[in-house]
Amino acid sequence: MSRQILITNDDGIRADGIRKLTEAARRFGEVTVIAPDTQRSAASHHCVFNRPLILKEINFGMDDVQAFTLDGTPADCVRVGIFAGSDRKPDIVLSGINHGYNISSDIQYSGTVGAALEAAFLGVQGIAVSYGDREFHVTDIVDRYLPELLEEYMEKPLPSNQIWNINIPDCRADECSGIFRNAVMNTDHFYNDQYMKEPIDEKTWSITNIAQRIWKGPKGSDLDAVINRYISVGKVKNLT
């Protein structure tokens, strides 16, 4: 029986990354795409329960892929795909490819990771995939390594409530140092947090986040791996 694959993301249905992931996943099973209708980055595990969600079938441009938009979050997309989809729930949920890394403390905010963790919480294996180049300028590294990564990690079992988190560095394939497996999440301080406060009137202010990332992590961490142009693969544990 063909593997049932559900694909989602947090960058929205029109993002380049979700098309790359879908193209790679098609060879491994029957693919359904349910993705947010607009950008939903940093949605984490947020779900919408206070109104009906609107699911709309669209033409994704791939004859063998059924695709839908949802006016909810990445986690909502996973829940709809599992509970309101076909009679057979997905065997695996793939989330991404995110435009930008999901490493270090960013993991707790990520809608990409949140969707994969929601799948794990519901008993379905989840894999989150991210790529360091936010604009997807150079993707030969994705084309070179993603099929190999999916083939390996879709078959690799996980403990309950854990996912695989894959980060692909923003370099060309011939510059990649290889795959760094079993990377651990960097827990060192990752941001120099700064907020700028500007008055609008006497009782109202505009608050702007101008925090800068700190690109230094301990050896063996996801952050250190991508800095050194390795593909980072590690486990992320859900709340239990």
Take atom OH of Tyr191 as the centre, draw a 6.0 Å sphere, and report whether it contains more than 12 heavy atoms from other residues, nucleotides or ligands. yes

So how far is it from Asp143 CG to Glu23 CD, rounded to the nearest 0.5 Å? 8.0 Å

Salt bridge or not for Arg144 and Glu148, using N-O below 4.0 Å? yes

Closest contact, heavy atoms only, Gly81 versus Pro90: O-CD, 3.8 Å

Can you tell me if Glu151 has over 12 outside heavy atoms packed within less than 6.0 Å of its CD? no

Nearest 0.5 Å, please: how far is CG in Asn161 from NZ in Lys235? 13.5 Å

Tell me, do Leu150 and Phe28 make a side-chain contact under 4.5 Å, heavy atoms counted? yes

Mind listing the closest non-hydrogen atom pair of Cys176 and Ile141 along with its distance? CB-CD1, 3.8 Å

How about Leu149 and Ile179: do any of their side-chain heavy atoms sit closer than 4.5 Å? yes

Ionic contact status for Glu30 with Arg88, cut-off 4.0 Å: no

Between Ser232 and Ala183 the two heavy atoms that sit nearest each other are OG-CB, 3.4 Å

Given side chains that start at C-beta, do those of Pro36 and Ile13 come closer than 4.5 Å, heavy atoms only? no

So Gln66 and Val33, side chain to side chain contact (heavy atoms under 4.5 Å, CB included) or not? Walk me through it. CA-CA 6 Å; Gln66 193 173 23; Val33 174; over 6 Å; no

For side chain to side chain contact (heavy atoms under 4.5 Å, CB included), just list the numbers for Leu117 and Val236, CA-CA rounded to whole Å, side-chain angles, deciding distance to a tenth of an Å, and then say yes or no. CA-CA 8 Å; Leu117 288 172; Val236 174; 4.3 Å; yes

In the single-linkage hydrophobic clustering (I, L, V, M, F, W, Y; side-chain heavy atoms under 4.5 Å), do Ile82 and Leu70 co-cluster? yes

Hey, are the side chains of Ile107 and Asn165 touching, using non-hydrogen atoms and a 4.5 Å cut-off? yes

Taking only Lys NZ, Arg NE, NH1 and NH2, and the carboxylate oxygens of Asp or Glu, determine whether Asp11 and Arg14 approach each other closer than 4.0 Å. no

Using a 6.0 Å distance limit plus a 45 degree cone around the ring axis, check whether Arg19 lies over the aromatic ring of Phe60. yes

Just do the side chain to side chain contact (heavy atoms under 4.5 Å, CB included) check on Trp205 and Glu198 with the steps written out, would you? CA-CA 5 Å; Trp205 294 266; Glu198 294 184 341; over 6 Å; no

Which residues satisfy the ring pair (Phe, Tyr, Trp, His ring centres under 6.0 Å) test with Tyr131, sequence neighbours excluded? Phe136

Listed by chain and number, what are the side chain to side chain donor-acceptor pair (under 3.5 Å) partners of Gln125, not counting sequence neighbours? none

Yes or no on side chain to side chain contact (heavy atoms under 4.5 Å, CB included) for Ile127 and Met154, after CA distance, side-chain angles and deciding distance? CA-CA 8 Å; Ile127 301 176; Met154 284 197 298; 3.9 Å; yes

Under a 3.5 Å distance rule, please check whether Thr22 uses its side chain to pair with a backbone N or O of Ile18 as donor and acceptor. yes

Looking at Glu135 and His137, would you say the former's side chain and the latter's main chain have a donor-acceptor pair under 3.5 Å? no

Between Ser95 and Val113, is there a donor-acceptor pair closer than 3.5 Å when you use the side chain of the first and the backbone of the second? no

So, Asp10 side chain and Gly111 main chain: donor-acceptor pair closer than 3.5 Å or not? yes

So does Arg134 pair up with Asp170, basic N to acidic O under 4.0 Å? no

Applying a strict under-4.5 Å side-chain criterion to I, L, V, M, F, W and Y, I'd like to know whether Phe190 and Ile227 cluster together. yes

Work out which heavy atom in Thr112 is nearest to a heavy atom in Val129; give both atom names and the distance. CG2-O, 4.0 Å

Can Glu118 and Arg79 be counted as an ion pair, charged N to O under 4.0 angstrom? yes

If you draw a 6.0 Å radius around CZ in Phe49, do more than 12 non-hydrogen atoms from other residues or ligands fall strictly inside? yes

Would you mind reporting whether Ile163 and Val93 have side-chain heavy atoms less than 4.5 Å apart? no

Identify whether Ile58 and Leu55 are in the same connected component of the hydrophobic contact network (ILVMFWY, side-chain heavy atoms under 4.5 Å). no

Ser110 side chain to Asn102 side chain, donor-acceptor N/O pair below 3.5 angstrom: yes

If we only count heavy atoms from C-beta on, is the Ile92 to Leu6 side-chain gap below 4.5 Å? no

Is there a donor-acceptor contact under 3.5 Å from the side chain of Asn228 to the main chain of Tyr230? no

With a 4.5 Å limit on heavy-atom distance, are the side chains of Leu53 and Val80 in contact? yes

Taking every heavy atom of Phe121 against every heavy atom of Asn238, the minimum-distance pair comes out as CB-ND2, 3.5 Å

Is there a chain of hydrophobic side chains (I, L, V, M, F, W, Y, each step under 4.5 Å between heavy atoms) that links Ile166 to Leu158? yes

Hey, any chance Val226 and Val233 share a hydrophobic cluster, counting ILVMFWY side chains that come within less than 4.5 Å of each other, even indirectly? no

Taking atom NZ as the centre, does Lys156 end up with more than 12 heavy-atom neighbours from other residues, nucleotides or ligands that are less than 6.0 angstrom away? yes

In a check of side chain to side chain donor-acceptor pair (under 3.5 Å) between Asp71 and each of Lys56, Arg51, Arg40, which one passes? Arg51

Assess, by modelled atom type and distance only, whether the side chains of Thr73 and Asp76 contain a donor and an acceptor separated by less than 3.5 Å. yes

At what distance, to the nearest 0.5 angstrom, does CD of Glu152 lie from OH of Tyr145? 12.5 Å

Any side-chain heavy-atom pair from Gln108 and His45 closer than 4.5 angstrom? no

So with a 6.0 Å cut-off around CD of Gln194, is the heavy-atom count from everything else above 12? yes

Heavy-atom neighbours of Tyr153 OH exceed 12 at 6.0 Å: yes

Can you list the steps and then say if Asp188 with Lys216 is a salt bridge (Lys or Arg N to Asp or Glu O under 4.0 Å)? CA-CA 9 Å; Asp188 289 355; Lys216 183 179 180 181; over 6 Å; no

Does Met185 offer a backbone N or O that forms a donor-acceptor pair with the side chain of Ser221 under 3.5 Å? no

Mind listing the closest non-hydrogen atom pair of Asn9 and Ala15 along with its distance? ND2-CB, 3.8 Å

Residue Asn182 excluded, over 12 heavy atoms near CG under 6.0 Å: no

With distance as the sole test, does Asp91 use its side chain to make a donor-acceptor pair with the main-chain N or O of Gln4 at under 3.5 Å? yes

Please check if the number of heavy atoms outside Asp201 that lie under 6.0 Å from its CG is greater than 12. yes

